[in-house]
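Worth knowing before you read on, the calculation uses all heavy atoms, side chains too, and leaves out hydrogens, waters and symmetry mates.
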Amino acid sequence: MTVRVRFAPSPTGYPHIGNIRTVVFNWLFARQQNGKLILRIEDTDRSRYVADALKVIEDSLSWLGLDWDEGLKRDGGYGPYVQSQRLHIYREKAEELIAKGLAYRCNCSPDRLEEVREAMRARGETPMYDGRCRIKAAGEVPAEELHVIRLKVPHEGTTTFHDLLRGDISFENALIDDQVLLKSDRYPTYHLAVVVDDHMMGITHVLRGDDWIPSTPKRIQLYQAFGWTPPIYIHVPLVLGPDGKKLGKRHGATSVDEFRRQGYLPDALFNFLALLGWAPGEGDEQEIFTRQELIEKFNVHRINLSPAVFSYDKLDWMNGAYIRQMDPQELLDCLIPFWVDAGLIPSEIPTELLPTLRLLVPLVQERLKTLRDVIPLTDFVFQEIKMLPAEAFVPKKMTAEESIRAIRETQRLLSGLVQFTAEEMEGPMRELAKELGLKAGQLFGIVRNAVTGKEVSPPLFGSLQAVGRERTLRRLEQAEQVLLASIESGEV
RNA sequence: GCCCCCAUCGUCUAGUCUGGUCUAGGACACAGGCCUUUCAAGCCUGGUACAUGGGUUCAAAUCCCGUUGGGGGCACCA
């Protein structure tokens with residue numbers, strides 16, 4: 001039997017990282033089993049429809065490398081894969097259940113339903129439909145009138161389903177609501193559509209968040225009403241925010257697109273997500289895996305049962321690890337859009353700028369946790385800096401006069417270099433420190449603070465080379481002016 | 001309120017099925033050190049966990065029950 005799994009988002013928002021982790025599991029399972037991943041769009045809620053959600057869903061999945069075999073834009077013979085294009089099927093199936101006496105029309109008003117639920121809540125009972133229309137004679141609620149169709153769930157007995165990871169899970173039928181199958185706008189609810197589609201599309205395994213467990217018995221009741229065999233259920237634990245609650249919009253930047261914009265690499269995010277709630281085990285202590293390794297090692301039976309908190313710290317570390325192992329040219333290509341977005345370089349990159357960019361890459365590579373980190377790390381190369389206050393140019397155990405002398409000697413040295421490169425300047429600068437009776441760190445610190453405008457920067461000489469001789473000398477000059485002014489005003 | 005799921009370091013986890021090799025292993029984060037022009041990276045060292053009570057057993061992180069704690073669900077949303 002070919003494994004067929006699906007991811008069925010609804011275009012009511014942008015895919016967030018919790019749902020995507022579940023897609024990662026589905027994808028891994030499908031790839032490993034040589035099965036198919038189907039992407040189906042569940043757009044049956046017209047009131048919450050978000051116009052560009054579909055495109056963002058597609059882009060997010062593609063960006064993460066989560067390709068699907070069938071579904072949206074990829075026909076596999078089971079289409080259409082967009083539920084709003086299958087309305088006639090759901091209507092037909094709902095009517096079929098009415099004909100079999102397993103469903104009924106209900107014209108209770110939303111207000112009345114709310115009253116009923118409220119009263120039950122007040123009595124400490126599980127709020128559900130009281131079945132007023134369930135006992136009406138066939139035809140009492142005319143098909144032409146505004147109404148919904150509900151499933152007639154038995155009041156006696158229990159409904160049990162098997163979860164691959166947790167074993168049998170049972171629910172009292174008396175606590176299962178007479179679920180609405182077809183809404184008054186003639187669109188199906190999730191419950192009807194998902195059962196009909198999963199069955200008709202030959203879905204073999206349903207891997208989804210365990211927040212769906214409580215509604216699964218409704219699904220089972222429907223399968224029984226239709227006389228179909230349910231798929232194998234694999235409920236995976238939820239992804240929690242740092243506060244221990246189900247990860248969602250309230251946790252801020254959780255959409256896949258935001259991770260992209262923040263400078264996370266798709267491979268790193270994928271690797272991280274795969275390890276959230278799953279581990280290879282058997283003594284395997286590896287953390288960084290290629291996709292191929294993940295596909296080979298993945299095992300649904302090893303998915304954890306308890307929810308996992310999403311750790312930005314660990315993701316940052318992993319992203320940094322991926323960045324460090326990148327080829328410099330590849331990293332440069334990834335970095336350029338971030339420089340452009342920050343307005344540091346034009347989108348049409350002048351060729352004379354390329355050597356500078358190439359020079360910068362090895363300087364920042366091991367310092368980046370995210371691609372976006374490159375902006376604060378290198379902005380001084382592309383734009384004018386704000387001079388630091390005089391104190392920044394006077395290291396401990398030094399006077400302003402000594403600093404001025406150090407700056408002047410540095411200027412002299414740098415102006416005299418034949419080639420303004422990191423290799424050319426390092427030796428002489430170390431010599432200079434010695435001559436001035438300074439530690440290398442003291443002299444370099446002054447220069448760093450003057451030229452980069454920061455106390456933390458990439459390696460100094462490469463930074464100077466990137467800034468260029470002319471601007472380096474000018475900034476040193478400005479630092480000197482700051483020092484002179486402070487001496488005059490008696491600050492230092 | 002009712003129903004369901006879950007329970008090893010702060011976090012992600014290995015170990016649990018097939019009790020002994022676990023004075024509980026790894027990773028992230030944290031602390032200290034080395035390296036060092038800053039910051040990183042790298043290397044070394046350190047602290048921190050089997051929720052709790054009762055069983056079963058020669059022996060329990062591992063099996064059973066209760067308790068507690070956490071999470072989720074109870075729509076004409078998915």
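- Taking both residues in full, the closest heavy atoms of Asn173(A) and Pro154(A) are given as CB-O, 3.2 Å, listed atom of the first, atom of the second, then distance.
- Spacing between atom CD of Gln365(A) and atom P of G42(B) amounts to 12 Å, rounded to whole angstrom units.
- Among the atoms of the strands shown, none is found under 4.0 Å from any heavy atom of Pro237(A).
- Nucleic acid contact for Gly277(A): sugar-phosphate only, since backbone atoms but no base atoms lie under 4.0 Å from a heavy atom of the residue.
- Remark: C2(B) base-pairs with G73(B); criterion is Watson-Crick or G-U wobble with both hydrogen-bond distances under 3.5 Å.
- Pairing partner, C39(B): none, since no Watson-Crick or wobble contact has both distances short of 3.5 Å.
- For C6(B) and C43(B), the C1' atoms lie 39 Å apart once the distance is rounded to whole Å.
- Comparing the C1' positions of G15(B) and G33(B) gives a spacing of 32 Å, expressed to the nearest Å.
- In this structure, the CD1 atom of Ile176(A) is 12 Å from the C1' atom of C4(B), given to the nearest Å.
- One atom, CZ of Phe298(A), and another, P of U13(B), lie 13 Å apart when rounded to the nearest Å.
- Taking atom P on both nucleotides, U8(B) is separated from U56(B) by 26 Å, rounded to a whole Å.
- Checked by atom type, the side-chain pair Thr22(A)/Asn19(A) shows no donor-acceptor distance below 3.5 Å.
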Can you give one letter per nucleotide of nucleotides 62-78 of chain B, 5' to 3': B if a protein heavy atom sits under 4.0 Å from the base, S if only from the sugar-phosphate, - if neither? ---------SBSBSBBB
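- In summary, the side chains of Ser109(A) and Asp111(A) do not present any donor paired with an acceptor at a separation below 3.5 Å, with no hydrogens or angles considered.
- Comparing G19(B) with C63(B), their C1' atoms are spaced 8 Å from each other, to the whole Å.
- Ion pair Asp197(A)/Lys93(A) not flagged as a salt bridge, since none of the NZ, NE, NH1 or NH2 atoms sits closer than 4.0 Å to an Asp/Glu carboxylate oxygen.
- Computed from coordinates, the Lys434(A) NZ to U37(B) P distance equals 12 Å when rounded to whole Å.
- Within the nucleic acid shown, Gly445(A) has no heavy atom closer than 4.0 Å to any nucleic acid atom.
- Comparing Glu282(A) and Arg448(A) by the nucleotide of RNA chain B whose heavy atom lies nearest to each, the residue mapping closer to the 5' end is Glu282(A).
- Among the nucleotides U8(B), U37(B), A14(B), the one closest to any side-chain atom of Asn304(A) is A14(B).
- The partner of U57(B), taking Watson-Crick or G-U wobble pairs whose two distances both stay under 3.5 Å, does not exist in any strand shown.
- If you measure from atom CD of Glu172(A) to atom P of C2(B), you get 14 Å, rounded to the nearest angstrom.
- Taking the six-membered ring wherever Trp is involved, the centroid distance between the rings of Tyr264(A) and Phe272(A) does not fall below 6.0 Å.
- The same atom, C1', is picked in A60(B) and in A24(B); the two are 13 Å apart, to the nearest Å.
- One finds a salt bridge joining Glu42(A) and Arg40(A) here, because a Lys/Arg side-chain nitrogen approaches an Asp/Glu carboxylate oxygen to under 4.0 Å.
- Distance Met120(A) CE to C3(B) P: 13 Å, rounded to the nearest Å.
- Under the 3.5 Å distance criterion, with hydrogens and angles disregarded, a donor-acceptor pair is assigned to the side chains of Ser170(A) and Thr160(A).
- Positionally, the nearest nucleotide of RNA chain B for Trp278(A) lies more toward the 5' end than for the other of Trp278(A) and Arg324(A).
- At whole-Å resolution of the value, NZ in Lys396(A) and C1' in U38(B) are 12 Å apart.
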Residues Trp278(A), Leu294(A); criterion side-chain contact (heavy atoms from CB on, under 4.5 Å); working and verdict: CA-CA 11 Å; Trp278(A) 173 82; Leu294(A) 253 11; 4.0 Å; yes
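- Taking atom P in both U21(B) and U13(B), the straight-line distance is 25 Å, to the nearest Å.
- Side-chain polar atoms of Ser84(A) and Asp43(A) form a donor-acceptor pair below 3.5 angstrom.
- Rounded to a whole Å, the CZ atom of Phe310(A) is 12 Å from the C1' atom of U11(B).
- Proximity of the aromatic rings of Trp68(A) and Phe7(A) is defined here by a centroid distance below 6.0 angstrom, and this criterion is not met.
- Ion pairing of Asp130(A) with Arg112(A) is present here, as a side-chain N (NZ or NE/NH1/NH2) and a carboxylate O approach within less than 4.0 Å.
- Taking atom P on both nucleotides, C17(B) is separated from C44(B) by 34 Å, rounded to a whole Å.
- Taking a pair to require two hydrogen-bonding distances under 3.5 Å in either a Watson-Crick or a G-U wobble arrangement, A14(B) remains unpaired.
- When each of U37(B), A7(B), U13(B) is scored by its nearest atom to the side-chain atoms of Ala279(A), the top-ranked nucleotide is U13(B).
- Here Arg302(A) lies in heavy-atom contact (under 4.0 Å) with sugar-phosphate atoms only.
- Nearest to the side chain of Ile169(A), among C4(B), U38(B), A41(B), sits C4(B).
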Quick one, give me the B/S/- string for nucleotides 17-32 of chain B, reading 5' to 3', where B means a protein heavy atom under 4.0 Å from the base and S means that only happens at the primed atoms, P, OP1 or OP2. --------SBBSS---
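- Taking the P atoms as reference points, C65(B) lies 12 Å from C5(B), given to the whole Å.
- Judged by distance alone, the side chains of Tyr322(A) and Asn271(A) do bring a donor and an acceptor atom under 3.5 Å apart.
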